[in-house]
Visitor: 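Pasting in a structure now, in structure tokens, and then I'll have a few things to ask.
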Amino acid sequence: MRDGPLVLAVETSCDETSAAVLRGPREVLGHTILSQDAHALYGGVVPEIAARAHLAALDDVIEGALREARIRLDDVDLFAATAGPGLIGALLVGLTWVKSAAFAIGRPFVPVHHMEAHLFATFVEDATASPPFVGLLVSGGHTLLVHVLAWGRYELLGETRDDAAGEAFDKVARILGLGYPGGPGIEASARAGDAERYAFPRPMLLSSQTPESPDFFDFSFSGLKTSVSTRVRDIERAGRLAEETANLAASFQAAVVEVLVAKTMRAVRATGTNRVVLGGGVAASRALRDALTAALGEGATLHVPSRRLATDNAAMIACAGLFRFGRRETGGLETTARADLPFPGLSRRADHYEAIGA
Ligand code: KG4
Ligand code: ZN
């Protein structure tokens, strides 16, 4: 058994209530994740329902993780909780629980940035998923392309100008009646479809762009969603939506995947790195994984989290929390949650990249 402190981490930023016990950064002793299904009815997360559901479930979820790890709360050396970004009411439930427990039993606690934790998720299971690498974070709330020089040293290459990649999946799934969250529904439907049936736009992907173009690494998915929506309206009017759903899902998915892969390849070339790490719920997409693997070829390795660690989970919060603890970045009683918490250690892209062939 490896050494290291026992960390209890909690994640409640969106619609998963999760708790994890890790010994050191990578040994998961207990891990519970409860996905709230109440939101499916509304086709999206309802913040007030999410906060109440976290409150109702959290004690049991934490108890479950402790039981699986065969430890008691008293045994915990370090507490960590997501402090943002996310839904403020939801965040406060987890953060307040953890902060109170830490102070009650006299242990340190660390506030964790949710998106930084997504960068650590793959590393929990795969020690080689460590810096330097290009990180593509694709979740329901964010789309970030980051050059990870070292843990804690991040250069932002690109981000979405409007909707996140996962959000686009969710919105299009809603239009097509494929359920919530949208990614898995779109992926399943797309398997039976023809990805070339509809030529949807590839937003912000033009061969005329150069590394100096402000949108060279950036994303935009809102126009693509509108384009699908317009098409769907025409097809529906013609009474052919049922027979075209799989083709629409496949064509939409292909557009998103092509843009994500192309921008990641630009980042790989511009940074000269030979490792790419995926994070966030959309990392569960088989279509994205396969297309990235093919594009990277022999030149670079793709590291992907398991499905369980791709979507929101507390194991990644524990791992990132331990890193921040190593830097003595503990929280105090005054530490609170922030819906727009800034990404720690993130700087804008350095202008000096040599974009060889990018
Ligand atoms: O990281 P995550 O669990 O939550 C946030 O931090 O937002 O990501 C959730 C997102 C949802 O938008 C969901 O539709 C998407 O991940 N997702 C997928 C797949 N599985 C989940 N998107 C595409 N393909 C999938 N297989
Ligand atoms: Zn997330």
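Atoms within each ligand, like the ligands themselves, are counted from 1 in listed order. Note that the numbering runs from 1 along the sequence shown for the chain.
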Visitor: Would you check if there is a donor-acceptor pair between the side chains of Glu159 and His142 at a distance under 3.5 Å?
Guide: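 Note: His142 and Glu159 side chains miss the donor-acceptor criterion.
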Visitor: Taking atom types as modelled, is there a side-chain donor on Asp162 or Ser220 under 3.5 Å from an acceptor on the other?
Guide: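 Their side chains do contain a donor-acceptor pair, which is all the 3.5 Å distance test asks for.
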Visitor: State the atoms of ligand 1, each with its element, that fall below the 4.0 Å cut-off from a heavy-atom position in His118.
Guide: 1 (O), 6 (O)
Visitor: Is the closest side-chain donor-acceptor distance between Glu11 and Ser13 under 3.5 Å?
Guide: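 A donor-acceptor contact under 3.5 Å links the two side chains.
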Visitor: Within ligand 1, which atoms have a heavy atom of Gly141 less than 4.0 Å away?
Guide: 7 (O)
Visitor: Does Arg286 have a heavy atom less than 4.0 Å from any atom of ligand 1?
Guide: no
Visitor: Any heavy atom of Gly280 sitting closer than 4.0 Å to ligand 1?
Guide: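 Per 4.0 Å heavy-atom rule, Gly280 contacts ligand 1.
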Visitor: Quick check on contacts: which atoms of ligand 1 are under 4.0 angstrom from a heavy atom of Ser139?
Guide: 1 (O), 5 (C), 6 (O), 7 (O), 8 (O)
Visitor: Does His114 bring an N, O or S atom to under 2.8 Å of the Zn ion (ligand 2)?
Guide: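 It does: His114 brings an N, O or S atom closer than 2.8 Å to the Zn ion (ligand 2).
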Visitor: For residues Thr128 and Asp126, is any side-chain donor paired with an opposing acceptor at under 3.5 Å?
Guide: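 Side chains of Thr128 and Asp126: pair found under 3.5 Å.
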Visitor: Which residue and non-hydrogen atom of the protein lie closest to atom 22 (N) of ligand 1, and at what distance in Å?
Guide: Gly183 CA, 3.3 Å
Visitor: For atom 9 (C) of ligand 1, what's the nearest protein heavy atom and its distance?
Guide: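 That would be Gly140 N, 3.8 Å.
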Visitor: Any N or O on Gly281 sitting closer than 3.5 Å to an N or O of ligand 1?
Guide: yes
Visitor: Does a donor on one side chain and an acceptor on the other come within less than 3.5 Å for Asp312 and His118?
Guide: yes
Visitor: How about Thr122 and His303: does a side-chain donor come under 3.5 Å of a side-chain acceptor?
Guide: no
Visitor: Can you name the atoms of ligand 1, numbered from 1 with element, that are less than 4.0 Å from a heavy atom of Thr311?
Guide: 3 (O)
Visitor: I need the Arg23 CZ to Leu322 CG distance, nearest 0.5 Å.
Guide: 12.5 Å
Visitor: Any idea which part of Asp170 is under 4.0 Å from ligand 1, heavy-atom wise: side chain, backbone, both or neither?
Guide: side chain
Visitor: Any N/O/S atom, side chain or main chain, of His118 closer to the Zn ion (ligand 2) than 2.8 Å?
Guide: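 Given the 2.8 Å cut-off, His118 counts as a ligand of the Zn ion (ligand 2).
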Visitor: Is the Phe169 to Phe252 ring centre distance short of 6.0 Å?
Guide: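 When the ring centroids of Phe169 and Phe252 are compared, they turn out to be within the sub-6.0 Å range.
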Visitor: Ring centres of Trp151 and Phe133 under 6.0 Å apart?
Guide: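 Yes; Phe133 has its ring centre under 6.0 Å from that of Trp151.
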Visitor: Test your reading of the structure: does Phe169 have an N or O sitting under 3.5 Å from an N or O of ligand 1?
Guide: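 No; every N/O pair is 3.5 Å or more apart.
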Visitor: Write down the atom of Thr245, the atom of Leu241, and the distance for their closest heavy-atom approach.
Guide: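 Closest approach of Thr245 to Leu241, heavy atoms only: OG1-O, 2.7 Å.
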Visitor: Look at the side-chain heavy atoms of Ile, Leu, Val, Met, Phe, Trp and Tyr, link any pair under 4.5 Å apart, and say whether Leu145 and Met204 land in one connected group.
Guide: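 No; tracing contacts between hydrophobic side chains, which count when under 4.5 Å, never links both residues.
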Visitor: Quick one: look up the protein heavy atom nearest atom 24 (N) of ligand 1 and list residue, atom name and how far away it is.
Guide: Ser285 CB, 3.4 Å
Visitor: Decide whether the shortest distance between a heavy atom of His114 and an atom of ligand 1 is less than 4.0 Å.
Guide: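 His114 counts as a contact of ligand 1 under the 4.0 Å cut-off.
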Visitor: Does an N or O anywhere in Asp312 fall below 3.5 Å from an N or O of ligand 1?
Guide: yes
Visitor: Starting from atom 26 (N) of ligand 1, which protein heavy atom do you reach first, and at what distance in Å?
Guide: Glu187 OE1, 2.8 Å
Visitor: Just which atoms of ligand 1 are under 4.0 Å from any heavy atom in Pro184?
Guide: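 It comes down to these atoms of ligand 1: 19 (C), 20 (N), 21 (C), 25 (C).
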Visitor: Among the N/O/S atoms of Asp312, select the one at the shortest distance from the Zn ion (ligand 2) and name it.
Guide: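 Going through the N, O and S atoms of Asp312 one by one, OD1 ends up nearest to the Zn ion (ligand 2).
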Visitor: Do the side chains of Arg174 and Asp170 get close enough for a salt bridge, i.e. N-O under 4.0 angstrom?
Guide: no
